[in-house]
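Here is the structure we will look at, set down as structure tokens.
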Amino acid sequence: MKSMKINFGKMNFEDKAYNFKFFEEKILNFWLSNNFYSPEYKNDRKETFCITLPPPNANSPLHLGTMSGNTVQDILGRYNRMLGKKVLLVPGKDHAAIQTEVIFEKHLLKEGIRKRDLTREDFLSRCFDFCMTNANIARDQEKKIGLSADFTREKFTLDKSLTNVVYETFIQMYKDGLIHRDKRIINWCPRCETALSDIDTEYKEEKGILYYIKYGDLVIATTRPETKMADSAIAINPKDKRYKHLLGKTIHIESVEGERTLPVIADYLVDKDFGTGILKVTPGHSKDDFVIGERHNLPIISVIDMNGRSTFGKYKGMKIRKAREEIVKDLYKLDLIEKQEDIVHNVQVCERCKSTIEPLISYQWFLRTKDLAKKSIEKIELQEIKIYPQRQEKNLIRWLENIEDWCISRQQWWGQRIPIYYCGGKETIVDNNGDIQEKMLGCGEIIASITPPKTCPKCKSNKIIQDEDIFDTWFSSCQWPYTALGGVNSEDFKMFYPANVMETGRDILFFWVARMIILNIYKTENIPFRNVYLHGLILDREGKKQSKSRGNGIDPSSMIDQFGTDALRLALVSGIAPDQDTKLYNEKIQGFRNFINKIYNSSRFIFLQMQDLDEKDREFIRENTGKYCIKSKVNIQKELLDLKHMTHSNFKSFDIGITAHNLQNFYHHTYCDSYLEDAKNDKSIEAKAELIYTFYTLIKLMHPFVPFITELIFQNLKEENLIKTKEESIMYETV
RNA sequence: GGGUGGUUAGCUCAGCUGGUAGAGCGCUACGUUUACACCGUAGAUGUCGCAGGUUCGAACCCUGCACCACCCACCA
């Protein structure tokens, strides 16, 4: 691409206040209309620096947290570019499966359309358009904050090419025996008729009744008598001496479900202080019971269907509440209820419609992670991947050590549909014993394939049906480090993998970072990134989390309009420490705007000194490479050198907040308040040369943090023939 | 219940491996001087959460406690 000249014009010395709006727009156009953000701009550079930027969700505009992350990563990118490296920041947008589907459904509802009114294809195509609209807004925001990412390389996680890479990974895992299909308890919303991840549910305090039900000679307290026919054991706490004699025995009961024999087991999940200290274990309808059931190899019985109705005996077809009432009545009739108590307990509900979650059993796809996690732990312990702040390392390792198999299927539409095909299809049935089973309708062949097979390889039937489910969104986003680079065979992958930094929130250290390490080591036999930088949250003035419901969210674009991008960038990073929350509010950003204005005015002062110089003087100034003469109480030569060293060493340890703070402090108090004041006493040409030299040095050091105003000053120094440079932009100068 | 972080000037926070408490905002007074009132100069303001301990010496190290925030688990 041929570079284009933008005429910045001379700075307007009449304006005493920096007109950031005017200049920032010009500068941004200058950067964007040239090739500066591309690593190919300086193709001869050898050492690389790469960040595959965490893709924000394509379902809404960016919030401040993402922009703060962008700022940190851009600072690292710009700094490394100024160190002479070939820098690539890859932008992207994430399809964010479930979250997007929820948001888009709400969006549709405003138009009076329900999801079930649409076909799967229609829903997907509308949702795609919705995402593209938001992605465009988000991309503009990224540009506006000054993110020097190569936008020609932008990826969307649902792009066909990325999806195919994800499919390849899955199929490889399938062949390696890492994928299995198994029963699992899920959060089912009977009203929305969908499975929900824990994130899409919330807890609500609810009044309930605790029934003390007789089980033979024992009494068990429960709020859910309607699941008692799905019990497969009686459990006590191993430390509970009261019931020790029962261990290993079975108890015989006669109840509403008829005669049954249940084993007595011990599990530490049982709270001996709740109710009578005895728990009825119902693996089919309670998450904790499911865990206990797995541990003790208990049968799973289902008595509630996906419509939230009972499937058992005389209660069959009743809504759960109704079934509960009836069962309680029957239990009273049989004199099997000792007493009942009112209690207030937390109930898990659907975040959207607030109906009570029904934990149900269904078949899901799983990834075996234990062995993969071991390799990841090794790499972290060997410090091949470093975590900032370091204390999070042990959290990460502990999580990896205790990792469970990962359920990677979801019952939604918006996402990557699982590339598994069944000959003739399948259906899930509940047999008379309450057992959930998958019944194959064809010859039973299961085919993993990127493209739909035309016929069954075994029986040659042409009735091939794809699995209905999609992948967990994290299964795709955890492959981002190589999908962002175009897959493991691309030129970019060869040149830029592994990335140097992964910058993300500590809240997704496990969800994302840990699993990214796992999947990337599996796929590439190499780490995905060398450093992990965790950021904290951006809180409001009172230290509260910003949220839409609280209405305390800070609108990034209004901040930029009021105070300018450079000011916002400084406000977002100055004084921050990794994993540490930070507060943001108007007055704070205003303070940084004042500082930007200080930079502007000091440059005005310096340029005014240079106004009447002839070309010979200018040449003298240009040729000055660090001779000092101005008498000042500040030893500027030494101070500048110290500042440089400190900046470099702080960057090495990712102490960006400290660096920003130090640079600002130095510029304001040492450079302006002391040194510039003293410089006023020396009118010699040597003094002017020193002034330009020191100024130029500082502007470059500050550029990664406040890129706009420093570019403006650089262009004017060039325009005025006061510096010797071959570079078109300050971002390719050397620090 | 388990874990992590925080507690320093009215507010927001610095304070690196122990050696006389710092900056910005705010406040007070003064000031239009070769850039800047979105400014400068000068100033007031602190039992460094509480209680012990180590040390010649602790905001910093150790022990315990309190309060705040967050994370994980549990709520039959």
Side-chain angles (χ1 to χ4, degrees), chain A residues 11 13 15-18 20 203 205-206 208 210-211 213 220-225 227-228 231 234-235 267-271 273-282 285-289 291-292 343-348 359 389 391-392 394-395 398-399 402 506-510 536-537 539 541-545 563-564 567 571 574-609 611 646 649-650 653 655 657-658 661-662 664-666 668-669 672-674 676-677 679-683:
Chain A
M11 281 161 68
F13 296 130
D15 264 351
K16 289 188 174 185
Y18 174 48
F20 53 82
Y203 285 88
E205 274 206 344
E206 217 178 73
L210 188 62
Y211 299 95
I213 302 173
I220 296 178
T222 181
T223 53
R224 301 208 61 188
T227 63
K228 77 182 300 295
D231 296 345
I234 302 284
D267 197 288
Y268 60 83
L269 265 181
V270 181
D271 179 355
D273 298 322
F274 185 92
T276 58
I278 312 175
L279 173 73
K280 68 184 202 59
V281 186
T282 321
H285 296 292
S286 151
K287 279 198 262 181
D288 310 324
D289 294 13
V291 173
I292 296 176
I343 60 159
V344 175
H345 58 156
N346 278 331
V347 184
Q348 199 178 10
R391 66 186 137 77
Q392 288 288 6
K394 57 175 185 283
N395 282 342
R398 199 184 311 151
W399 189 86
N402 297 317
R506 58 140 188 263
D507 49 332
I508 51 175
L509 179 65
F510 306 140
L537 298 171
L539 308 172
R541 184 195 309 271
E542 273 78 42
K544 295 245 163 56
K545 238 188 214 179
F563 305 115
S574 186
I576 60 158
D579 194 25
Q580 199 83 10
D581 295 346
T582 173
K583 297 178 192 178
L584 192 74
Y585 42 87
N586 269 21
E587 294 91 313
K588 189 165 169 182
I589 311 176
Q590 193 176 315
F592 289 105
R593 179 208 54 185
N594 294 353
F595 173 62
I596 302 297
N597 194 52
K598 187 84 184 172
I599 302 178
Y600 168 78
N601 269 299
S602 53
S603 77
R604 244 179 100 219
F605 167 72
I606 290 170
F607 281 119
L608 282 169
Q609 305 309 301
Q611 248 178 349
M646 196 172 56
S649 97
N650 281 337
S653 51
D655 287 318
I658 295 175
H661 188 259
N662 285 346
Q664 178 182 353
N665 236 21
F666 182 90
H668 198 148
H669 301 296
C672 290
D673 291 351
S674 295
L676 280 191
E677 288 304 320
K680 287 176 182 173
N681 301 322
D682 192 335
K683 297 192 180 59

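Residue numbers begin at 1 in each chain, while the letters A, B, ... track the order of the sequences.
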Heavy-atom closest contact ([X] atom, [Y] atom, distance):
{"X": "A/Ile278", "Y": "A/Ile220", "value": "O-CG2, 3.6 Å"}
{"X": "A/Val270", "Y": "A/Gly277", "value": "CG1-O, 3.6 Å"}
{"X": "A/Phe563", "Y": "A/Phe20", "value": "C-CZ, 3.5 Å"}
{"X": "A/Leu509", "Y": "A/Gln392", "value": "CD2-OE1, 3.8 Å"}
{"X": "A/Arg224", "Y": "A/His285", "value": "NH1-O, 3.7 Å"}
{"X": "A/Ser574", "Y": "A/Gln664", "value": "OG-OE1, 4.2 Å"}

Rounding to a whole Å, what distance do you find between [X]:[atom1] and [N]:[atom2]?
{"X": "A/Gln664", "N": "B/U12", "atom1": "CD", "atom2": "C1'", "result": "13 Å"}
{"X": "A/Glu587", "N": "B/C11", "atom1": "CD", "atom2": "C1'", "result": "10 Å"}
{"X": "A/Gln348", "N": "B/A73", "atom1": "CD", "atom2": "P", "result": "11 Å"}
{"X": "A/Leu509", "N": "B/C71", "atom1": "CG", "atom2": "C1'", "result": "11 Å"}
{"X": "A/Asn662", "N": "B/C16", "atom1": "CG", "atom2": "P", "result": "12 Å"}
{"X": "A/Tyr268", "N": "B/G1", "atom1": "OH", "atom2": "C1'", "result": "14 Å"}
{"X": "A/Ile213", "N": "B/A76", "atom1": "CD1", "atom2": "C1'", "result": "11 Å"}
{"X": "A/Asn681", "N": "B/U34", "atom1": "CG", "atom2": "P", "result": "11 Å"}

Nearest-Å distance once atom [atom1] is located in both [N] and [M]:
{"N": "B/G1", "M": "B/C16", "atom1": "P", "value": "34 Å"}
{"N": "B/G53", "M": "B/U12", "atom1": "C1'", "value": "33 Å"}
{"N": "B/C60", "M": "B/A14", "atom1": "C1'", "value": "14 Å"}
{"N": "B/C72", "M": "B/U17", "atom1": "P", "value": "31 Å"}
{"N": "B/C50", "M": "B/C25", "atom1": "C1'", "value": "29 Å"}
{"N": "B/G2", "M": "B/U45", "atom1": "C1'", "value": "42 Å"}
{"N": "B/C48", "M": "B/G6", "atom1": "C1'", "value": "14 Å"}
{"N": "B/G46", "M": "B/A59", "atom1": "P", "value": "16 Å"}

Under 4.0 Å, counting only non-hydrogen atoms across every strand here, what does [X] touch: a base, just sugar-phosphate, or nothing?
{"X": "A/Val270", "value": "base"}
{"X": "A/Thr222", "value": "sugar-phosphate"}
{"X": "A/Tyr585", "value": "sugar-phosphate"}
{"X": "A/Gln392", "value": "nothing"}
{"X": "A/Ala221", "value": "sugar-phosphate"}

Open item on the list: So A/Phe274 and A/Leu279, do their side chains get closer than 4.5 Å, heavy atoms only?
Closed with: no
Task: Note, A/Ser286 side chain near A/Thr227 side chain (heavy atom, < 4.5 Å) - done: no
- [ ] For a side chain to side chain contact (heavy atoms under 4.5 Å, CB included) with A/Tyr18, tell me which candidate from A/Ile596, A/Asn601, A/Asn594 qualifies.
- [x] A/Ile596
TODO: Find the runs of at least 3 consecutive base pairs, i with j, i+1 with j-1 and so on, that include RNA chain B, using Watson-Crick or G-U wobble geometry with both distances under 3.5 Å.
DONE: B:1-7 with B:66-72, B:10-13 with B:22-25, B:27-31 with B:39-43, B:49-53 with B:61-65
TODO: Give the C-alpha distance, both sets of side-chain angles, the deciding distance and a yes or no for side-chain contact (heavy atoms from CB on, under 4.5 Å) between A/Thr222 and A/Thr282.
DONE: CA-CA 11 Å; A/Thr222 181; A/Thr282 321; over 6 Å; no
Where do N or O atoms of nucleotides 36-39 of chain B meet protein N or O atoms at under 3.5 Å, pair by pair?
residue	atom	partner	partner atom	Å
B/C36	OP1	A/Lys16	NZ	3.0
B/C36	O4'	A/Asn601	OD1	3.0
B/C36	O4'	A/Asn601	ND2	3.3
B/C36	O2'	A/Asn601	ND2	3.3
B/C36	O2	A/Lys598	NZ	2.8
B/C36	N3	A/Lys598	NZ	3.0
B/C38	O4'	A/Asn594	OD1	3.0
B/C38	O2'	A/Asn597	ND2	3.1
B/C38	O2	A/Arg593	NE	3.2
B/C38	O2	A/Asn594	OD1	3.3
B/C39	OP1	A/Asn594	ND2	3.3
B/C39	O3'	A/Lys598	NZ	3.0

TODO: Assign each of A/Leu676 and A/Asp271 to its nearest nucleotide of RNA chain B by heavy atoms, then name whichever residue's nucleotide is nearer the 5' end.
DONE: A/Leu676
- [ ] Examine B/G24: is either OP1 or OP2 under 4.0 Å from a nitrogen or oxygen in the side chain of A/His669? Give yes or no.
- [x] yes
Open item on the list: The test is side-chain contact (heavy atoms from CB on, under 4.5 Å); show your working for A/Val291 and A/Asp267 and say whether it passes.
Closed with: CA-CA 10 Å; A/Val291 173; A/Asp267 197 288; over 6 Å; no
